[in-house]
2 protein chains.
Amino acid sequence: MTVIEDTPLAKKLGAFVALSTSDLSLLSGLHRRRKALVAGRDLVHQGQSDQIAYILAAGWVCSYKILPDGSRQIVDFQIPGDFLGLRSALLHTSDRSIESVTDIEVSEVLVRDLLNVFAQNLRLATAVLWAASRDEAMVVEHLVNIGRRSAVERMAHFLLELGSRLTLVGMGDKSGYTCPLTQYHLADALGLTAVHVNRVLRQLRENGLLTFRNGVVTFDNYQGLATLVDFDPTYLDQTGPLLK
Amino acid sequence: MTVIEDTPLAKKLGAFVALSTSDLSLLSGLHRRRKALVAGRDLVHQGQSDQIAYILAAGWVCSYKILPDGSRQIVDFQIPGDFLGLRSALLHTSDRSIESVTDIEVSEVLVRDLLNVFAQNLRLATAVLWAASRDEAMVVEHLVNIGRRSAVERMAHFLLELGSRLTLVGMGDKSGYTCPLTQYHLADALGLTAVHVNRVLRQLRENGLLTFRNGVVTFDNYQGLATLVDFDPTYLDQTGPLLK
DNA sequence: CGGTATTTTGAATGCTATCAAATAGCGTGG
DNA sequence: CCACGCTATTTGATAGCATTCAAAATACCG
């Protein structure tokens, strides 16, 4: 049996609030109904909405919107420990589609079960809300990124942010991380062309800032990158001011 | 005494769920502590967070982030009936600044009072959550707008969306609305230059689509605009599927 | 009526897209 | 194990949209 504390969700929430053993076992109660899915499948389709949310246990996922001309904008990527479709399940509205980027494993969560957990345990409810709020803050940061930064800065900021998130769940550190995204994914997320993404990555590599090759992001000069885009990971590393 | 049903907040929430007289009086209970502010003042500053949220009663406000190079990205505008700083008050984190665009009137709302209302009245709690969720959906729509549309399309989409929101609170219709935003505001919201905003507005005007002059937006061809950007106001006009 | 903020227009530059094509990587089947 | 086909990456040349710099015209305010 897996050690409860080691699920990505527990790690992430644990970074927000201290979790007791009983908190952890309540959380693990949500991890029944495991499901596996191959890469490139839609989990939720734009407009559809049902009573189920998911916790991503393994693999990467993206949420996106398609425009009438066929282009798409990726709103966010989700990594292990993230909820999928939480708001759409709670509020019966889905404004975007969700697709698996890699093969994934998810745990189905019934809204009813989740609300029960919240009712039993304020600490967990807060932690989950906190995480949801962080996700929203990331969308805002993403908006600023696309609206006001050059292509090189966008890329740097994006890869730094991803690094911080992965570090939180033990899948990366300041030296880099494994990343399954293609240059097309990056393009759709950053509002660029895949061709230009390639040139931007080359530029970052040639300036000794970072290398993204063979599915691995390597920060060659973390501090330099952070300075370049004024990266402030504070909005991700909350030190749980609400509950201790 | 003002008729309760006529506050912009009541109008907006009323479009989500049917509100009874007792719901309305509970709502109006939140409208004590009226405050007035002149244009161009900060209500909440990036990073600060306190226990107070606001309901905007009159005037326009914008929430934005400033980048280290001095440029700014406006994340959203708020119009009468919108909450200001709701999430930051609930979760003790503010990721953006809020500034008055015009002279405004707000009602201060203590988190405690708001939570009391929620506890007493599920219908209102749902309506408010719904409104908050709509605001989030608008940020996502905004992201898509900036990431994947041309300058002309961005402008058209933005002004259409604003029109829908204003219509909901009785401040506009399909023919147009009064709009206090300067071309600098539009530029900061759409990730453009003020100079280019001007050219884009001219282009829209010369194509007979819309006219924005002397603080008035006039839709010269509403259907043409909606088609141009595939505008779908569905995500704003919810017909309250949750509570009737 | 002067002063400031906003809008408008012009010319030149530059960043990113588009179009086109070559190279490299990877899984599959012979 | 190699050939094949597909997807992803890389590079070059050209076009275009939006920015930048500059300045004039107009609106707004006390």
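Labels below follow one simple rule: chain letters A, B, ... track the order of the sequence lines, proteins then strands, and each chain is numbered from 1.
- Listed by chain and residue number, nothing satisfies the salt bridge (Lys or Arg N to Asp or Glu O under 4.0 Å) test with A/Glu153 (two or more places apart in sequence, or in another chain).
- Legend: residues meeting side-chain hydrogen bond (donor to acceptor under 3.5 Å, both in side chains) with A/Asn145, ordered by chain and number and at least two apart, are A/Arg149.
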Going by atom type alone, with no hydrogens or angles, which donor-acceptor pairs under 3.5 Å involve a side-chain atom of residues 206-218 of chain B and a protein atom two or more places apart or on another chain?
{"from": "B/Asn207", "atom 1": "ND2", "to": "B/Gln203", "atom 2": "O", "distance (Å)": "3.4"}
{"from": "B/Thr211", "atom 1": "OG1", "to": "B/Asp220", "atom 2": "OD2", "distance (Å)": "2.6"}

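- Applying the side chain to side chain donor-acceptor pair (under 3.5 Å) test to residues at least two apart or on different chains, the pairs with a partner in residues 66-78 of chain B are B/Asp69-B/Ser71, B/Arg72-B/Asp188, B/Asp76-B/Arg165.
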Quiz item: Which parts of nucleotides 13-30 of chain D does protein reach within less than 4.0 Å, heavy atoms only, written one letter per nucleotide 5' to 3' as B for base, S for sugar-phosphate only and - for none?
Solution: B----BBBB---------

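- By the salt bridge (Lys or Arg N to Asp or Glu O under 4.0 Å) test, A/Glu108 is found to be paired with A/Arg33, A/Lys35, residues two or more places apart in sequence or in another chain being considered.
- Taking the side-chain hydrogen bond (donor to acceptor under 3.5 Å, both in side chains) definition, one finds that B/Asp103 meets it with nothing, sequence neighbours left out.
- Taking atom OH of residue A/Tyr184 and atom C1' of nucleotide D/dT10, one finds them 11 Å apart after rounding to whole Å.
- For the helix from C/dC1-D/dG30 to C/dG30-D/dC1, the rotation axes defined at the first and last 5 base pairs enclose an angle of 40°, given to the nearest 10°.
- For A/Asn198, the side-chain hydrogen bond (donor to acceptor under 3.5 Å, both in side chains) partners at least two apart in sequence or on another chain are A/Gln183.
- Of all nucleotides in DNA chain C having an atom under 4.0 Å from a heavy atom of chain B, the first and last in 5' to 3' order are C/dT6 to C/dA11.
- Evaluation of the salt bridge (Lys or Arg N to Asp or Glu O under 4.0 Å) rule for A/Arg199 yields no partner, not counting sequence neighbours.
- For residues 159-193 of chain B, the ring-ring contact (aromatic ring centres under 6.0 Å, His included) pairs, not counting sequence neighbours, are B/Tyr177-B/Phe219.
- One interatomic measurement links the two molecules: CG of A/Asn198 to C1' of D/dT10, which rounds to 5 Å at whole-angstrom precision.
- Atom CZ of A/Arg34 has more than 12 heavy atoms from other residues, nucleotides or ligands within 6.0 Å.
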